[in-house]
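Here the structure comes first, spelled out in C-alpha cells, and everything after it is commentary.
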Amino acid sequence: MLKKGSKLYSILTGTCPKCQKESMYLDPNPLHLGKTLKMNEKCSHCGLKYQIEPSFFYGAMYVSYGLNVAVGIAAFVISYIVFEASLKDAFISIIASLIILFPFILRWSRNIYINMFVSYDPTFKQ
C-alpha cells in the first residue's frame with residue numbers, strides 16, 4: 001500500500017522526504033514524550049538539512065491546527081451520530097481523542113509541512 005517515493009510514505013513513517021532512507025527523528029517512537037519533537041539535524045544519507053531555515057517548523061502549527069480540527073470533528077461524528085452518545089459524552093470523546101493522539105499529530109504536522117517543500121528524488125546518489 002505504501003510505496004517508497006510517495007509523500008504519504010514519508011508523512012506516515014517520518015522518513016527523510018528527499019531519500020526516504022532514514023527517520024527524521026532521534027527516537028522513532030512518538031510515545032516517548034520527552035523526545036517527540038527531537039529531530040536529527042540533517043539526513044545522513046542525502047545530507048538534507050531538516051530545519052530549512054530558522055524557525056521553519058513554526059508553520060507546522062497551522063497544519064497541526066487543521067489536523068486537530070479534523071480529529072475533533074471525526075470524534076464528534078463517530079460518538080454522537082454513530083454511537084448516539086449524549087452531547088456531553090461526545091465532547092468528552094473529542095477531548096480524550098485529542099489528548100491520546102497529541103504526540104502523533106505533532107509529528108504528522110511536521111512531516112506534512114516539510115513534505116510541502118521537499119520532494120522525493122529517486123535519482124539522488126550520495
Side-chain angles (χ1 to χ4, degrees):
M1 181 175 139
L2 287 177
K3 293 184 180 179
K4 213 174 218 188
S6 69
K7 293 231 182 243
L8 190 59
Y9 178 83
S10 178
I11 290 169
L12 294 179
T13 59
T15 56
C16 172
K18 188 172 181 181
C19 68
Q20 296 183 352
K21 292 185 179 179
E22 177 182 78
S23 176
M24 292 190 296
Y25 301 96
L26 292 174
D27 186 359
N29 186 354
L31 296 177
H32 296 148
L33 298 179
K35 300 176 183 177
T36 299
L37 293 178
K38 302 231 189 249
M39 298 180 73
N40 293 316
E41 194 170 318
K42 61 182 183 174
C43 179
S44 64
H45 292 281
C46 67
L48 174 70
K49 187 176 176 186
Y50 295 129
Q51 190 153 350
I52 297 170
E53 59 186 32
S55 305
F56 173 71
F57 286 109
Y58 280 128
M61 289 187 301
Y62 297 104
V63 177
S64 177
Y65 175 77
L67 288 174
N68 280 308
V69 168
V71 167
I73 290 172
F76 178 78
V77 167
I78 290 169
S79 63
Y80 189 71
I81 295 174
V82 175
F83 293 119
E84 298 177 354
S86 68
L87 197 57
K88 180 182 175 184
D89 292 338
F91 283 112
I92 290 171
S93 71
I94 291 171
I95 293 169
S97 63
L98 290 176
I99 290 171
I100 292 169
L101 293 175
F102 175 72
F104 297 100
I105 290 174
L106 280 175
R107 283 209 176 168
W108 291 337
S109 64
R110 281 191 171 203
N111 298 346
I112 290 169
Y113 193 68
I114 196 167
N115 273 280
M116 292 185 343
F117 298 99
V118 180
S119 295
Y120 178 68
D121 185 8
T123 61
F124 181 79
K125 304 271 189 216
Q126 178 132 357

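Because the structure is predicted, anything quoted here is derived from the model rather than measured.
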Shared hydrophobic cluster, [X] / [Y] (ILVMFWY, side-chain heavy atoms < 4.5 Å):
X	Y	answer
Ile92	Val71	no
Leu8	Trp108	yes
Phe104	Met24	yes
Tyr50	Phe117	yes
Met116	Leu67	yes

Ignoring hydrogens and angles, tell me if any N or O in the side chain of [X] forms a donor-acceptor pair with the backbone of [Y] under 3.5 Å.
X	Y	result
Asn40	Ser23	yes
Arg110	Gly14	no
Gln20	Ser6	yes
Thr15	Lys21	no
Lys35	Leu26	no

Notebook entry, point to check: Heavy-atom distance under 4.5 Å between the side chains of Asn111 and Ser10, does that happen here?
Noted result: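 The answer is no, as the side chains (C-beta and beyond) never meet within the 4.5 Å cut-off.
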Checklist line | Contact check, side chains of Pro17 and Leu48, non-hydrogen atoms, under 4.5 Å | finding: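 Side chain of Pro17 against side chain of Leu48, heavy atoms only: contact under 4.5 Å found.
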Check: Got more than 12 heavy atoms from elsewhere within 6.0 Å of NZ, Lys4?
Finding: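 Yes - once you tally the heavy atoms of other residues, nucleotides and ligands closer than 6.0 Å, there are more than 12.
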Margin query: For Phe76, I'd like to know if atom CZ has over 12 heavy atoms of other residues, nucleotides or ligands within 6.0 Å.
Written below: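 Yes.
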For residues 56-66, dump all side-chain donor-acceptor pairs below 3.5 Å to protein atoms at least two apart in sequence or in another chain.
residue : atom : partner : partner atom : Å
Ser64   : OG   : Asn68   : ND2          : 3.4

Notebook entry, point to check: Just how far is it from atom OH of Tyr25 to atom OG1 of Thr36, taken to the nearest 0.5 Å?
Noted result: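 Rounded to the nearest 0.5 Å, the OH-OG1 separation comes to 9.5 Å.
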Notebook entry, point to check: Can you tell me how far CD1 of Ile73 sits from CD1 of Ile78, rounded to the nearest 0.5 angstrom?
Noted result: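 With rounding to 0.5 Å, CD1 (Ile78) is 12.0 Å from CD1 (Ile73).
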Margin query: Could you work out, with side-chain hydrogen bond (donor to acceptor under 3.5 Å, both in side chains) as the rule, every residue matching Lys7, not counting sequence neighbours?
Written below: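 If we apply the side-chain hydrogen bond (donor to acceptor under 3.5 Å, both in side chains) test to Lys7, skipping adjacent residues, the hits are Ser119.
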